[in-house]
Engineer: 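Sharing a structure here in structure tokens format.
Lettering follows sequence order; numbering is per chain, from 1.
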Amino acid sequence: MAAVKETIEDVRRLEADKYKYGFSTDIEQEYAPKGLSEDIVRFISAKKNEPQWMLDWRLDAYRRWLKMDEPVWANVNYPRIDYQDAYYYAAPKDAAKYKSLDEVPPEILETYKKLGIPLREAEVLLGVEGAEATTAAEARERPRVAVDAVFDSVSVATTFKAELTKAGVIFMSISDALQEYPELVRRYLGSVVPPTDNYFATLNSAVFSDGSFVYVPPGVRCPMELSTYFRMNAQGTGQFERTLIIADKGAYVSYLEGCTAPMRDENQLHAAVVELVLLDDAEIKYSTVQNWWPGDAEGKGGVYNFVTKRADCRGRNSKVSWTQVETGSAITWKYPSCVLRGDNSQGEFYSIAVTNGRQQADTGTKMIHLGRNTRSRIIAKGISAGRSDQTYRGLVSVHAKAEGARNFTQCDSLLIGDQCGAHTVPYIEAKTPHATLEHEATTSKLSEDQLFYARQRGLDEETAVALLVNGFCREVLQELPMEFAVEAQALLKVSLEGSVG
Amino acid sequence: MLEIKNLHARVNPEEGEALAILKGVDLKVPAGEVHAIMGPNGCGKSTLSYVLAGHDGYEVTDGALVFEGADIGALAPEERAARGLFLSFQYPVEIPGVPTLTFLKEAANAQRRARGEAEVSAPDFIKLARENAAKLGISSEMLKRPVNVGFSGGEKKRMEIFQALMLAPKFLILDETDSGLDIDALKVVAEGVNALRSPDRGMLVITHYQRLLDYLKPDVVHVMAAGRIVETGGPDLALTLESQGYEKYAGAAA
């Protein structure tokens, strides 16, 4: 038995090496009582000092949720979730009182530093990673990124607020926005993903704890990239963040989202909702690098990631683009969607999903063409390795009035090894004859010949695999903002380590 | 420089019985020399090139591979590459999405790191690429394309020699580099290979035909049949083979 235990620990260590974000932060936290009830919903709302309408909205969602059933149509298998066996609110003690970064406990600042997320504006300019010496000139060239840092259920810091305010851009946690801009929040919250939308979105509507709020006023091009970094830390706690981004007429914003969690033996639930609203001529670029703890090689632990993301192109000529790199989570259930309501509006979905070990992912997109001459483009690259299973599930729906609508879909799957699976489930509906829909799909195996060729030129096996996979994903990687693309490439390599041989 | 001693190798089958292909190859290529291996189809020429490069589809059952005094038989393909072994493939592989120069720079730097040398800088590498491309009549548009994707057979062979020029290996194995080339392309490729000739570099040229050797002028010609070197001679041997064929070696299989 001792030997078995040792082996398990060795494997664990190996996993720990691979997943460098697996540490946890030891900090005194405040929890809501375990389980879910109306009282818990009231507790969360009271913690945030929310207006009455917000509480009513939550309670209404909660009551609806009680009558709903968990969806079972996705191609994923996991034991039934006991929703009473989790905490719905966890926050560093006194979190509500942080007025500035100076008040944020050093443990939390250290956590973000370890994750490479700069929270001090001066550090952003100088490059907090510190690994390589940065000259002032390089720092000036480095694109600046404003960060909202969400630690379990609360936002602990938001950077560059002053400078953004000068440009008229509102970027803050949704809790703060509910205090400072309640009318804006009330007007748009739930207008893209209504509280009745689906089981997980309804749950989120009842218990969401924090997330980011962005409003870009008419004609403003947001002067820097905005990003939110989600960190799950507390044990046995679900994270339910809610993000709401509004790009008013002619506005532009690029937004990045990153996620990590400590390695825990139990499964953690993450059910987020992201709503994007685009008015006439607005553009939003939304990029995600999702690297939640995927569980160990045998499938123990890992995050259950049930996410509803949707963009509503309400205005004419508006354009939204979702780019996602999904490497984490034990279970992924996620379909970032575009409702192309405004005439000439455009939706894009670029996705790389990597599954290894025992991970399961059912992911894709929905393009709903309502307006005339609306265009959409879907490029999905799935890479399955180990004993993982992956499904692309996509819907392209063209309504009767959407004359001149066009869609191009390309789904490519790459299999590494012979114990993984890849499935493609495209749904296509066209209610007008005046639409053009194209769908291409391929499935291939990572070729031994390519691997040998690359190794003959001097690349070791893992670098060769990473290079081949990067090549496979190139069309998507080049859609990512520069700094993210570098991170994403590194992440692909780490996620696929040990997948060959 | 390269010494192959009594090399026996067989195919590692997915299932079923392993098939012996190399049955005692003995060969020495000193630095500065170009040796040609000629032989009929199925005699084991291409297998020899794969085994030299370390392909794991083949199992060495006996004998030794000695490169610059060290036994490299147990080394991974990338370790052999870092020591300076380069194989110009008979069928160069396409790698979609990976630009040729990115691939080569990664490869060059991986080799350099393995040898404990400093990495090459991007501007130096691009400058070198321009010079080498010009020698082989390769356009800058071709360099931007993903590795071998969409190239004709002849273009692929030209790119193999370009890669050799970029990586500057100590030892080249050219596996049927002449196949698929028209006479003009053959000349360009041969000039590229000749540019690589140097007193401290060895080459093994595997071919069916005399015509590449007209340009390369090998120092030694070996004839391979049924998994063994059956005859070794000077450049004249290639001419004899061209006129008489491989028939007289058919008995070697017994």
Engineer: So for B:Pro169, is it side chain, backbone, both, or neither that comes closer than 4.5 Å to the heavy atoms of chain A?
Structural biologist: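 Interface part for B:Pro169: neither.
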Engineer: Just so I understand: if I count every heavy-atom pair under 4.5 Å between each of B:Arg80, B:Gln163, B:Glu106 and chain A, which residue has the most?
Structural biologist: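 If we count pairs closer than 4.5 Å to chain A, B:Gln163 comes out on top.
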Engineer: Which residues in residues 50-61 of chain B have any heavy atom lying under 4.5 Å from a heavy atom of chain A?
Structural biologist: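 Result: B:Tyr50, B:Ala53, B:Gly54, B:His55.
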Engineer: Say you draw a straight line from CZ of B:Phe86 to CD of A:Gln456; how long is it, rounded to the nearest 0.5 Å?
Structural biologist: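 If we round to the nearest 0.5 Å, B:Phe86:CZ and A:Gln456:CD are 6.5 Å apart.
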Engineer: Might you point out which heavy atoms bring B:Ala110 and A:Gly458 nearest each other, and give the distance in Å?
Structural biologist: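 Where B:Ala110 meets A:Gly458 most closely, the heavy atoms are CB-O, 3.3 Å.
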Engineer: Please determine whether the number of non-hydrogen atoms from other residues, nucleotides or ligands lying under 6.0 Å from atom CZ of B:Arg115 exceeds 12.
Structural biologist: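 Counting neighbours around CZ of B:Arg115, more than 12 heavy atoms of other residues, nucleotides or ligands fall under 6.0 Å, so yes.
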Engineer: Give, as side chain, backbone, both or neither, the part of A:Ala454 having an atom under 4.5 angstrom from any heavy atom of chain B.
Structural biologist: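 Contact with chain B: backbone and side chain both.
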Engineer: At a 4.5 Å cut-off on heavy atoms, which part of B:Glu94 comes close to chain A: side chain, backbone, both, or neither?
Structural biologist: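 The backbone, not the side chain.
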Engineer: Any side-chain to backbone donor/acceptor pair from A:Arg457 onto B:Leu87? Under 3.5 Å, distance only.
Structural biologist: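 Here the side-chain-to-backbone pair exists.
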Engineer: Side chains of residues 140-151 of chain B: which donor-acceptor partners sit under 3.5 Å, not counting sequence neighbours?
Structural biologist:
{"from": "B:Glu141", "atom 1": "OE2", "to": "B:Arg145", "atom 2": "NE", "distance (Å)": "3.4"}
{"from": "B:Asn148", "atom 1": "ND2", "to": "A:Tyr453", "atom 2": "OH", "distance (Å)": "3.3"}
{"from": "B:Asn148", "atom 1": "ND2", "to": "B:Val93", "atom 2": "O", "distance (Å)": "2.9"}

Engineer: Counting only heavy atoms closer than 4.5 Å, note whether A:Arg474 contacts chain B via side chain, backbone, both or neither.
Structural biologist: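 Answer is side chain: those atoms of A:Arg474 sit under 4.5 Å from chain B.
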Engineer: If you count the non-hydrogen atoms of other residues, nucleotides and ligands that lie under 6.0 Å from CZ in B:Arg112, is the total more than 12?
Structural biologist: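 Atom CZ in B:Arg112 is crowded, with more than 12 foreign heavy atoms closer than 6.0 Å.
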Engineer: Has A:Arg375 got more than 12 heavy atoms of other residues, nucleotides or ligands less than 6.0 Å from its CZ?
Structural biologist: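 Counting neighbours around CZ of A:Arg375, 12 or fewer heavy atoms of other residues, nucleotides or ligands fall under 6.0 Å, so no.
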Engineer: Rounded to the nearest 0.5 Å, how far does CZ of B:Arg113 lie from OG1 of A:Thr463?
Structural biologist: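 The distance works out to 7.0 Å.
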Engineer: Identify the heavy atoms of B:Glu78 and A:Glu461 that sit nearest to each other, and give their distance.
Structural biologist: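 Result for this residue pair: OE2-N, 3.8 Å.
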Engineer: Are A:Gln450 and B:Pro96 close enough that some pair of their side-chain heavy atoms sits under 4.5 Å apart?
Structural biologist: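 Answer yes - side chains close enough.
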Engineer: Considering non-hydrogen atoms only, spot the tightest contact between B:Val98 and A:Gly471 and give its length.
Structural biologist: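 Reported closest heavy-atom pair: CG2-CA, 3.6 Å.
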Engineer: Could you measure the distance from the CG atom of A:Leu467 to the CD1 atom of B:Ile95? Nearest 0.5 Å is fine.
Structural biologist: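 Separation between the atoms: 6.5 Å.
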